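Here the structure comes first, spelled out in C-alpha cells, and everything after it is commentary.
All values reported here derive from a predicted model rather than from experimental measurement. Just the heavy atoms: all of them, side chains too, but no hydrogens, waters or symmetry mates, feed the values below. So that the names make sense, note that chain A is the first sequence line, chain B the second, and so on, each numbered from 1.
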Amino acid sequence: MSSASERLLARAAREITPGMVVNLGIGLPTKVVNHVEPDFEVCLHTENGMTGVGRTLPLEHANRNLIDAGGAYVSEVPGSAFFDSATSFAIVRSGRLDLTMLGAFEVAANGDLANWKIPGKFSPGVGGGVELAQKARRVVILTSQVDRAGNPKLKQECSLPLTARACVDRVVTDMAVIDVGPEGFELVELADGITQNEVAEATGAPLIVRQGTLPRF
Amino acid sequence: MSSASERLLARAAREITPGMVVNLGIGLPTKVVNHVEPDFEVCLHTENGMTGVGRTLPLEHANRNLIDAGGAYVSEVPGSAFFDSATSFAIVRSGRLDLTMLGAFEVAANGDLANWKIPGKFSPGVGGGVELAQKARRVVILTSQVDRAGNPKLKQECSLPLTARACVDRVVTDMAVIDVGPEGFELVELADGITQNEVAEATGAPLIVRQGTLPRF
Amino acid sequence: MRLSDKQCRMESAIAHIKDGDTVLVGGFGVPGTPMTLLQALVNHGAQNLTVIKNDANEPGMGVDHLLRNGQVSRLITTHLGLNSHAIALMNAGTIDVEFNAQGILAERIRAGGAGIGAVLSDIGIGTELAEGKQVVEVRGKAYLVETAIRANVALLHAELSDPFGNLAYAATARNFNPLMAMAADRVIAETEAVLPLGALAADRVHTPGVFVDHVVELEHLSEEYAVVER
Amino acid sequence: MRLSDKQCRMESAIAHIKDGDTVLVGGFGVPGTPMTLLQALVNHGAQNLTVIKNDANEPGMGVDHLLRNGQVSRLITTHLGLNSHAIALMNAGTIDVEFNAQGILAERIRAGGAGIGAVLSDIGIGTELAEGKQVVEVRGKAYLVETAIRANVALLHAELSDPFGNLAYAATARNFNPLMAMAADRVIAETEAVLPLGALAADRVHTPGVFVDHVVELEHLSEEYAVVER
C-alpha cells in the first residue's frame, strides 16, 4: 500500500472517538482497523451479525464460521456478541451506529452518495450500503480525490445511481479532509505536501476553505 | 371441580392429536393439560415465550422466572425453548400453532367469538387472545353451555365486542361437542345423560344434528 | 479494541428520566420486570409518564407503585387482569389506558427498535381493536397500520450481563425485554450479575450491548422478585 | 408431554421440493450456508426455482451449483460481488435478479415469518431502489411498502440441534438462518450434531423447533464448509 493510502487510513482512524460503535465498510475502510490502537475503546460492528469485531486473522488461525461482511476472517474481542441479520440492521437503522466509513464512486456537494452501481459496467448489488449510508449517525467517506482517469469524485451532483441522499458528513481523501456543510464542500485539513489549489483543482465543485491555517495530516 | 367439568376437560384433551403444537388459553383450557398422558407427543406453547411447557409446579418447586401466560409456575420438558414475545406471536401468526383452546362469553353460529370484554363490567384487556383466535389453525372453545343466568352462550350472533370473526371450529361444553359448520352449529357428540333436545334448548341458534347415533363422552 | 464499561449507580441512570417521558418497562408478570429500577423511579418522582408494559403487575408490585404514586398519566398495555387497582384507575379516568393485542404490541416496539415506521397487520380487523386505525391495501388485501413505538427510556431486567451491556435473560423473564432494549433512546438494564467482559459467550447473548446505555448490578433481590403466592 | 422427533434422511426431505418452488437459503458467504442440502437439491433436479439468499456464494460453491445446473430462474438477493458467474448470468438475462437492501431483505423475510403483511420503511427513498414500490404516508411521512416474503421451503445450516428441531448457530453463521426458519411452509435444517432432547439448553436455542419440519444430521462436512483461500 502506498504511503498516501496509509496516511489516509491513519487520518481516517482519528475520526473514531472513544466509546463509538463503528461499521467499517468493505474495501479501504476495513483497513482503518489496523490504525486503531489495540486498547482503544471502540465497538466495531459488521452487518453480517456481530459486534465487538476484532482483528483480521490469517487463514491458519481462522474460524470458518467467523467472518466480517467483506468475507475476511476476524476474531472476537472480550464482550463480542453474535446476532441475526434483522437485529444487525436494527442496530443501524435505529441510530445505534455512531459512525460508518464507506467508499465512494461520487460524492455530491449536498452530501449525496453514489457507491454501488455503474450502469452497464458494475452492479453487484447494494448489500448493506444503503442502510449504513442513510442511517449511521455520521458518515465518513474514504476515497481517492480523483478516479483512475483523473476526474474528481467530489462533484456538484452525482451522475451515477444514488446509494442515499444527503448522507455524507465528511470525506477523507489522499489529499484532504473535506466536510459537507450547508453550503457545500468545505476544506478543513490538508495532506502533507498538498496545496489548497491542488485540492480545489481536483474537486468538481466549489470548495470553501475554512479560516485560519489548515491542519496537516 | 365438578365431574361435568372434568368430563369436559377429558373430552377436550382428545382434541389434541400426536405431534400438534398447542396453546391452552388462560382459565379452563389450561386445565386440559392434566388430562394429557405424560408421554403424549405434543408441544405446548405459552405466549409469554416458551415451547415445551411442562406440568404446573407447586410453589415450593417453582422457578420464579418460569411461568405460563396465566401466571402459573410451570416446568420444562426435554427440548423446551425460550424466546421473546415477538417470536412467540410469530409462531401464532405464521401458522405454526396447530390448535388453541380458549374460553368464551359468546360464540356465534358463523364462528364469531367474544371472550374479552363486557362493556361497563369487564374489560381487563385483550392480551394474546385476538391473535390466538384469529391465527391458530384450529380453534376449540371450552365453555359451559349456558351462562350463570342460564342463557345460552352459543347464539345466532354475538352481542359483545368480538375477539375475532369466524374463527371458531368447535365448541366443547359440559353438555355436548358442537362444530361450527358452513350452515351453523352442528351437534356431533353428547355428554352422558344429556339428550339432543336438552342441548338444542340450551343453544341460542338452530342446531343441526349429525346423522346416525351420536358418540357419547 | 476494547468495549466500554457502562456500569453506573442506579440513581444516576434514573436521574435522566424527565416529566412527560415515555418509558418502556420489561416483564410479563413478575419475570423480567425491573422491580428495583421501578422503585428507583418512584423515588425519583418523575411525573406525567407514559408507561408501556405488557401488564400492570399485581397490586402493590412493580409498575403498580408508579400508579399509586400518581406518576403515570397513560398506560399502553395488553392485559390488566391481575391488577384490580389499575383497572379501577382506568375506570375512574385517572389514567388513560390503550390496549393492544399482545403480539402487536411486541411488533410495534420491535418496529421502533428496528427503525421501521410501521408494520401492516390483519390482526383485529373487523373488531373494535381496528377502530381509528389507518387501513392500507397491499396486493388486494386490507391491513391495519400498526405504528412503531419508541420511548425516551427503557427499563429492563436481565439475569446476566457484562459491563458493555450484553444481556442474557432467564427462562420466561425474556418476554418484552429484548424488544424494548432496541426501542429507546436511553436503555437502563438492572442485572442480577455483571460478569467480566468475555465471560458471557457471544453466542449466548440475548441483547447485544450496543443497545444498552447503563448497566446496574443489583446488590440483592427484593421480595417482589420471589415466587408469588396468590 | 413429549416432543416430536423430526430427524429424517436428506433425500426424503428434499423430495418435497417441486418445480417452480420458492426456496429460502440461509448463509452469508460460507457461514450458515447449507452446502449439503444445496447439493441434494442439485441431485433432486427441481427446475424453475426462485432462490432467496443474501448472496450467491462464490463460483463453484453453494448456490452456484444450482445456477450452473440451470435450476434457478429468479434470484432475490442483496449482493453478488463474490460470484462473477452469477453476475454473468444476470447480465445475460439467463436469471432474473432482484436486489434488496440487505436489512430490508432481512425484514421482509422476518415479516413473512411473523405473519405480518409488510413493513413500512424509508430505506432507499429518493433512489432507484424505491422505483415501482407502493408508497404510504403515515403521520405525515412517506414510507415504502416492503412486502413480506414467504417461501415454500427453507434450507438452513445449524451447528447444533435436537430431534425436535431446536437450532443453535455458530458465530456469524447465524445471519439469515433464524429469519428464514420462520418464513417457509417447510423448513429443512442440516445440522452438524443432533444432541438428545434436553441437551441444548432452552435459553441457548436460537430457533425454536416449532418452526422446523425436518432435521438432517450431517455425516461429514465437505470441503465447501472450510476456510476459503482467495
Next item on the list: Please report the closest heavy-atom contact between B:V36 and D:M1, naming both atoms and the distance.
Entry: CG1-SD, 4.2 Å
Next item on the list: Locate the shortest heavy-atom distance separating D:L3 from B:P78; write the atom from each residue and the value.
Entry: CD1-O, 3.5 Å
Next item on the list: Under 4.5 Å heavy-atom distance to chain B, tell me which part of D:A148 shows up: side chain, backbone, both or neither.
Entry: neither
Note to self: Between D:F164 and chain B, with a heavy-atom cut-off of 4.5 Å, which part of the residue counts as in contact: side chain, backbone, both or neither?
What the structure shows: side chain
Item checked: Winner by heavy-atom pair count (cut-off under 4.5 Å) against chain D, out of B:V53, B:V33, B:I91, B:L97 -> B:I91
Interface moiety of [X] toward chain D, non-hydrogen atoms closer than 4.5 Å:
{"X": "B:F83", "result": "side chain"}
{"X": "B:V77", "result": "side chain"}
{"X": "B:L44", "result": "side chain"}

At a cut-off of 3.5 Å, what donor and acceptor atoms pair up between chain D and chain B?
| residue | atom | partner | partner atom | Å |
| --- | --- | --- | --- | --- |
| D:M1 | N | B:P38 | O | 2.3 |
| D:R2 | N | B:F40 | O | 2.7 |
| D:R2 | O | B:V42 | N | 3.0 |
| D:R2 | NE | B:D39 | O | 3.0 |
| D:R2 | NE | B:D39 | OD1 | 3.1 |
| D:R2 | NH2 | B:D39 | O | 3.4 |
| D:S4 | OG | B:E41 | OE2 | 2.6 |
| D:G113 | O | B:S94 | OG | 3.3 |
| D:A114 | O | B:R93 | NE | 2.7 |
| D:A114 | O | B:R93 | NH2 | 3.0 |
| D:N166 | ND2 | B:G79 | O | 2.7 |
| D:A184 | O | B:R96 | NH2 | 3.2 |
| D:A202 | O | B:F82 | N | 3.1 |
| D:F211 | O | B:R96 | NH2 | 3.1 |
| D:D213 | OD1 | B:R96 | NH1 | 2.9 |
| D:D213 | OD2 | B:R96 | NH1 | 3.3 |
| D:D213 | OD2 | B:R96 | NH2 | 2.9 |

